[in-house]
Amino acid sequence: MTDTSGPVVIRDRAGAVPAPPVARVIRGLSDRAIAWLFIAPTILLLLAINVFPLIWTIRLSFTNYRANKPNVPLRWLGLENYTSILADPDVWQAMQATAHFVIWTILLEVLFGFGLALLIDKKFRGHSFWTTVILLPMMLSPAVVGTFWTFLFQPQIGLFNYVVAFLTGIDPSSFQMIGDVPLAPWAIVLVDTWMWTPYVMLICLAGLRSIPNYIYEAAEVDRASKWRQFWSITLPMVLPFLMLAVLFRGIENFKMFDMVNLLTSGGPGSTTELASITLKREAFEKWRTGYSSAFAIILFVTVFGAANIYVKALNKVKQR
Amino acid sequence: MAEVLLDNVTRRFGGIAAVRELSLHIGDGEFVVLLGPTGAGKTTTLRLVAGLERADAGRILIGGHDVTRLEPAARDVAFVFQQYSLYPHLSVFDNLAFPLRSPARRLPEPEVRERVTRTAELLRISSKLDSKATRLSGGEMQRVAIGRALVRQPAIFLMDEPLSSLDAKLRAELRIELKRIHEVLGATILYVTHDQIEAMTMANRIGVLREGELVQIGSAQHIYEEPSNLYVATRLGSPPINLLPAGVLPVPDAPAGTRTIGVRSEHLRIGKANGAAVQGVVTRIEHLGDQNHLHLTVADHRLVTLIEAHADLAVGERVDLALARPLCFDAAGVRLGGS
């Protein structure tokens, strides 16, 4: 009975609506073909805006190409760009500045972020309100943060200098956070920590909330002190989350550009000139496109390699 | 091991009493099972003894000492949770050793090793000592959790439905194992379950809870044969006790005021239709293998009873029914004529 009624209904519909039978066209394709059809736009887009530029950059990195002089005949340099970058003391200074920035921001953000997460996890009165307040800096645009911290750091009228003066009695105009050579590297660390500690806190909080309460109760009955509970339950179980936060912040800060560029533009001198700022100078101020392409590839390989090693370690921790 | 006494203990959650004026004495080396449905206050009672909940009123004594205001760590109790509460990043050995390595205990490491090994043998998990806790099967995890309680030799073991998340076969195995451990160690155990088979097979005494109150406590046989009211009667027995209004089936010498008759399989005499005063109709026969469930209809009331597997009965057949010493309850559900 159903054998005959099924096709009849379809034929009726086809008769009533004389639209082109799209369904029939698609019916001719295999599942695999339909799958390809669906992902093709994404793949094409990825090829066009990610893979092709990457390959093109690799190509350029072996040449003397300058984007402001496109008519100069292209000369192949081999590895010359790479060798001169690795021998350039300015590059190494930028790498040092970047390392200083990455290491200190991660350290401080993990310390404060984890600490705040532990406090917020206590679920005191109004903890959700304070969570929102703490998360605010993270929601701002890095450009906004960079710009308004230049005002906060302003020695005469800046709130930061005023508060420091109020708390310590130091003359507020006696130091400039973004003008003094010894202070500037710490100014960018401070602002980044202020902005991204909430992010680390959020991830740690997710980790803390994933620990079931009965494990703590079991430990309490087993006479484990709060300290021992922290070391043998809380920390190991939050560690994968913490490592994930470190990974994200590490990659982000290794290629930090916007906030620092707006805050200090790499100054004073080149004390806060991070790798990506050097890169931008080489590429769009000195127009050494081939050279900066090589630098970009070096940075890419560095962060890619480091992240891969790190993810392997992370998986090991997760599997414990 | 020690005796434990709960004296008029009350615990409220937001105005609702989860445990109400509960008094319970657990003798040294006794295995007491608290039985009741979800929300009866079984787990809260256990947590009160452990110190994971604080009593709003009443006293709790362990080994003669008032522990009502003490922290869990100071009470010398061991707790087995319903979930496998293992420390996931530690090995089985370290999980078992965890309570022994507490600074409050300070056992020398060779003794820790010895005790852990002995406990692992008792629970038959010796081969798993080096495995990560997360690599174990459900049954092994729960054994480790039980083992973590056993290494301690505490005043009392508190077990909160430790077998409920295991499959039937494992549950039967661990039930026997727990009973064996109880006999070997002479442990005092307070055990919570809603499974009547666990209660019947393991308990020295069963306490039946309803809405935070202890309704009746006694040996499994006593609770089964002499329930103090309807609620307790319906807790035990499989198939569940049949409740009929008085008068459906004639009860010889029923006490005055009987309103409800409780009929278990052993109270019912079934025979081939032979002109008895009351007859029932067979509506369904469920085959269990060794026995059958027989569904009957008597004057619009349904009965389920056990009969032997090869009883010569068919669906639709009429049978003679008679009662032998059933349980009689009054209008309020209180048992009448009990001993």
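Numbers restart at 1 for each chain; the letters A, B, ... are given by sequence-line order, proteins then strands. Bear in mind the structure is a predicted one, so any value in this text is a computation, not a measurement. For the numbers below, each heavy atom of this structure counts, side chains included, while hydrogens, waters and symmetry mates do not.
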Under 4.5 Å heavy-atom distance to chain A, tell me which part of [X] shows up: side chain, backbone, both or neither.
X: R47(B); value: side chain
X: D94(B); value: neither
X: F98(B); value: both
X: L90(B); value: neither
X: E71(B); value: side chain
X: F79(B); value: both

Under 3.5 Å donor-acceptor, S102(B) side chain and R223(A) backbone: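 Yes; at least one donor-acceptor contact below 3.5 Å.
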Other residues, nucleotides, ligands: >12 heavy atoms within 6.0 Å of [X] [atom1]:
X: F304(A); atom1: CZ; answer: no
X: N50(A); atom1: CG; answer: yes
X: H65(B); atom1: NE2; answer: no
X: R101(B); atom1: CZ; answer: yes
X: R54(B); atom1: CZ; answer: yes
X: D167(B); atom1: CG; answer: yes
X: R113(B); atom1: CZ; answer: no
X: F124(A); atom1: CZ; answer: yes

Contact summary for V221(A) and V77(B), nearest pair of heavy atoms: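 In this case the closest contact between V221(A) and V77(B) is CG1-O, 3.2 Å.
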Closest contact, heavy atoms only, D222(A) versus R152(B):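 So the minimum-distance heavy-atom pair works out to OD1-NH1, 3.6 Å.
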Chain B neighbours within residues 97-111 of chain A, where any heavy atom lies under 4.5 Å away: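 Expected list: none.
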Chain B contact via S232(A) - side chain, backbone, both or neither, heavy atoms under 4.5 Å: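 Both parts, backbone and side chain.
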Residue, of M237(A), E220(A), R228(A), that accumulates the most heavy atom pairs under 4.5 Å with chain B: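 Highest number of heavy-atom pairs under 4.5 Å: R228(A).
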Pair Y214(A), D160(B): side-chain N/O donor-acceptor within cut-off below 3.5 Å: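 Note: Y214(A) and D160(B) side chains miss the donor-acceptor criterion.
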Verdict with reasoning, I215(A) to Q83(B), per side-chain contact (heavy atoms from CB on, under 4.5 Å): CA-CA 9 Å; I215(A) 293 197; Q83(B) 309 89 339; over 6 Å; no
